[in-house]
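What follows is one structure encoded as structure tokens, with my remarks underneath.
All chains are named by letter (A, B, ...) in the order of the sequence lines, taking the proteins before the strands, and each is independently numbered beginning at 1. It should be emphasised that the depicted structure is a prediction, and the values quoted were computed from it without experimental measurement.
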Number of protein chains: 2
Amino acid sequence: MATLSDVAQRAGVTAATVSYVLSGKAQVKNETRARVLQAVEDLGYKPNLLARGLAQGKTFTIAAIVPEITNPYYAEIINEVEHIAGAKDYHILLAMSHGNPKVCAHLLDRFSSRWVDGFLIMGGAANPDLIQSMQQTSKPLVLSVWENDPQMENIPCFDIDFYDAGIQATKHLLNLGHSRIAIILEEPIQHTRFGGFKDAMQKAQVEIVPDYIVSGDSSYTSGFAAAQKLLQINPVPTAIFAANDAMAIGAMEAIHQAGLAIPNDISVIGVDDILLAEHSYPPLTTIRTPRRQLAKLIIQTLLAKIENPELVHVEKSAMLLKPHIIVRSSTTPPKKQIY
Amino acid sequence: MATLSDVAQRAGVTAATVSYVLSGKAQVKNETRARVLQAVEDLGYKPNLLARGLAQGKTFTIAAIVPEITNPYYAEIINEVEHIAGAKDYHILLAMSHGNPKVCAHLLDRFSSRWVDGFLIMGGAANPDLIQSMQQTSKPLVLSVWENDPQMENIPCFDIDFYDAGIQATKHLLNLGHSRIAIILEEPIQHTRFGGFKDAMQKAQVEIVPDYIVSGDSSYTSGFAAAQKLLQINPVPTAIFAANDAMAIGAMEAIHQAGLAIPNDISVIGVDDILLAEHSYPPLTTIRTPRRQLAKLIIQTLLAKIENPELVHVEKSAMLLKPHIIVRSSTTPPKKQIY
DNA sequence: CTGAAAGCGCTTACAG
DNA sequence: CTGAAAGCGCTTACAG
């Protein structure tokens with residue numbers, strides 16, 4: 001590979017001059033500039049980003065840590081992040097924490113050796129201590145975690161307003177006239193949406209039946225099993241709020257297997273709006289979480305901080321993005337009961 | 001951050017000595033070594049990988065290009081690749097080609113500026129010209145593409161034996177006694193497995209009905225639509241071979257919707273063994289593609305080439321990994337017909 | 001066994 | 001407008 005000096009030599013100038021025409025950080029006579037550019041062209045010169053990084057203290061690299069890239073939620077976010085960062089010539093160094101704080105700490109440690117320009121940490125694997133120590137490296141950091149820790153001031157933190165998702169899903173069912181509403185959820189990570197459920201129910205003065213609260217692990221299978229449990233309760237609920245789409249779709253299978261109709265016998269609503277939701281049978285009513293918008297927000301914030309280090313975030317609380325309901329065919333008013 | 005010289009000063013030695021104790025590339029008196037190590041500890045010294053990279057021409061970075069990280073197939077592979085590479089302190093620079101050769105070329109261009117240690121390119125976006133030009137950078141390269149181009153010698157190329165997947169799926173249905181076998185597939189990327197289907201049918205002297213060949217785009221929805229088409233044909237096929245699991249599951253939905261039973265009325269088989277396959281209803285019989293094994297193979301080969309540049313691959317052809325069948329409940333012998 | 005020195009490829013005050 | 005020089009933090013022959 002041709003180097004800066006090669007170019008300089010060919011153009012009959014010094015390396016500094018070449019650097020200046022390439023960076024535009026100093027005036028260069030038109031004629032010399034042309035000669036330099038020609039030499040660059042002739043030699044197919046590509047700057048060595050390593051050397052540039054060493055000299056400038058900047059690497060055009062962003063470390064992104066997600067719990068699992070096999071989780072479509074994070075895959076979508078990383079896809080968007082890479083797209084936006086790539087447009088500005090930043091590269092993404094990807095690593096998985098598998099939700100494990102130790103792994104996360106180790107990754108952060110290794111990344112800090114690389115002089116990445118900034119960190120993007122998603123999911124709950126980064127505990128406050130870790131974040132605190134990160135702060136000392138003075139590298140920009142943006143978080144997206146389920147629970148927002150009040151102690152972490154000055155660190156931009158974005159997430160989706162899952163409480164509101166819980167409210168919206170529950171209200172939708174209530175408005176349709178349901179009162180025997182069950183919920184399938186995974187604690188503690190879906191605790192926030194559960195809060196929305198409880199508050200909406202309470203506000204509507206509808207009783208929350210303890211038996212109607214069943215737990216799952218966010219997987220399709222667990223939704224299936226949870227629904228089977230619910231179907232054995234007398235009276236059977238007329239609506240099920242599954243805290244994510246995977247469980248909702250699993251639940252629908254169980255309901256079908258039991259010979260019941262959706263939505264006529266039981267309404268089902270999910271959260272996420274995964275791809276499958278639109279194509280399930282029946283198409284699933286769900287609360288769409290704006291993942292791409294979230295991705296955009298976190299990466300743009302990070303890039304802004306990288307390019308303007310003096311930019312300080314003073315908001316104490318995390319920014320939450322509002323989800324919104326997508327009404328499809330899995331929900332309808334309950335059948336009239338004859339008592 | 002403390003630097004090498006900081007450590008050297010504190011230990012009362014020169015930077016070279018510190019470098020030697022850290023790299024172990026030269027003998028150092030025990031006593032000095034201890035002093036250096038102590039200083040490293042005291043200062044919390046972390047080597048600057050940028051500087052090291054510049055000096056050694058090595059970055060401990062691998063560029064990985066996949067068509068889509070939102071595709072679970074690639075997400076699983078990247079997950080495994082990162083795991084194995086990470087254990088050897090390599091980092092993964094991830095980028096998406098979106099199956100577009102121009103994007104791919106642009107990415108490769110940007111990556112070459114970074115002096116990455118090696119390239120991993122998956123999917124068909126890298127055309128032979130590109131690969132050829134890559135070769136000139138003399139950086140190790142490992143491919144995993146659907147079609148193996150015979151011209152690319154000396155480049156290790158691994159993939160899954162999809163032809164064999166086609167053979168196995170078809171044979172399974174034939175062995176069960178099916179003869180009215182339909183296939184749903186996406187051309188041209190699933191052409192290889194189609195070849196397996198055709199050869200197996202031919203060998204068994206079973207007629208391939210043109211109407212029984214319908215195309216999809218690998219998505220759940222397209223499988224649904226394709227099955228709907230098939231159900232309108234008289235006679236209806238007794239078995240459907242969907243070229244991937246997503247389409248198989250979509251097809252099963254369509255069959256259910258039509259009021260038919262799986263596998264009693266129609267058997268369905270897929271390819272991939274995605275997570276959902278085990279939990280679909282009925283659990284899907286499918287051909288499991290060894291993705292993790294593939295991931296292991298490509299990253300280990302790449303690492304080996306990085307660490308032993310003199311290692312030359314002379315095999316002309318790609319290495320193919322054998323898939324194997326997972327028999328679940330979506331396939332059974334056809335119902336006895338009374339003519 | 002360890003120091004002095006040059007070099008990896010670039011950037012950036014500083015002169016002139 | 002452009003050159004000479006020092007520096008980014010590390011490694012690696014070369015002496016001794």
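At whole-Å resolution of the value, CG in Leu54(A) and P in dG7(C) are 17 Å apart. The distance between atom CD of Gln56(A) and atom C1' of dT12(C), rounded to the nearest whole Å, is 10 Å. A straight line from CZ of Phe60(B) to P of dC10(D) spans 15 Å, rounded to a whole angstrom. Note: CG (Leu50(A)) to P (dT11(C)) measures 13 Å, nearest angstrom. Following rounding to the nearest Å, Leu22(B) (CG) and dC1(C) (P) show an atom-to-atom distance of 17 Å. Rounded to a whole Å, the NZ atom of Lys46(A) is 16 Å from the C1' atom of dG9(C). Note: CG (Leu49(B)) to C1' (dT11(D)) measures 13 Å, nearest angstrom.
Here the side chain of Lys29(B) is nearest to one of dC10(D), dT2(C), dT11(C), namely dT2(C). The Val28(A) side chain lies nearest to dT2(D) when the options are dT11(D), dT2(D), dC10(C). Picking from dG3(C), dA13(C), dG9(C) the nucleotide with the shortest atom distance to the side chain of Tyr20(A) gives dA13(C). The side chain of Trp115(B) has dG9(C) as its nearest neighbour among dT11(D), dT2(C), dG9(C). Comparing atom distances between the Ala15(A) side chain and each of dT11(C), dC10(D), dT12(C) picks out dT11(C) as nearest. When each of dT11(D), dT2(C), dG3(D) is scored by its nearest atom to the side-chain atoms of Thr32(B), the top-ranked nucleotide is dT2(C). Comparing dT11(C), dG3(C), dT12(C) against the side chain of Ala55(A) picks out dT11(C) as the nearest.
At a threshold of 4.0 angstrom between heavy atoms, the contacts of Thr14(B) include nucleobase atoms, whether or not backbone atoms are also involved. Ser19(A) comes within 4.0 angstrom of a nucleotide base, judged by non-hydrogen atoms across all strands. Within the 4.0 angstrom heavy-atom criterion, only backbone atoms of the sugar-phosphate kind lie near Thr3(A); the bases stay farther away. Counting non-hydrogen atoms under 4.0 angstrom, Gln27(B) reaches a base of the nucleic acid.
Salt-bridge check for Asp42(B) with Arg10(B): passed, with a basic side-chain N closer than 4.0 Å to an acidic carboxylate O.
Side chain of Arg114(B) to main chain of Thr59(B): no donor-acceptor pair is present (N/O by atom type, distance under 3.5 Å, no hydrogens or angles). Without hydrogens or angle criteria, Ser113(A) side chain to Pro47(B) main chain gives a donor-acceptor distance under 3.5 Å.
Ring geometry, His91(A) versus Phe111(B): the interplanar angle falls under 30°, so the pair is classed parallel (tilted spans 30 to 60°).
Contact check for Lys139(B) versus Val116(B): no side-chain heavy atoms found under the 4.5 Å cut-off.
Base pairing of dC14(D): its partner is dG3(C), meeting the Watson-Crick or G-U wobble criterion (both donor-acceptor distances under 3.5 Å).
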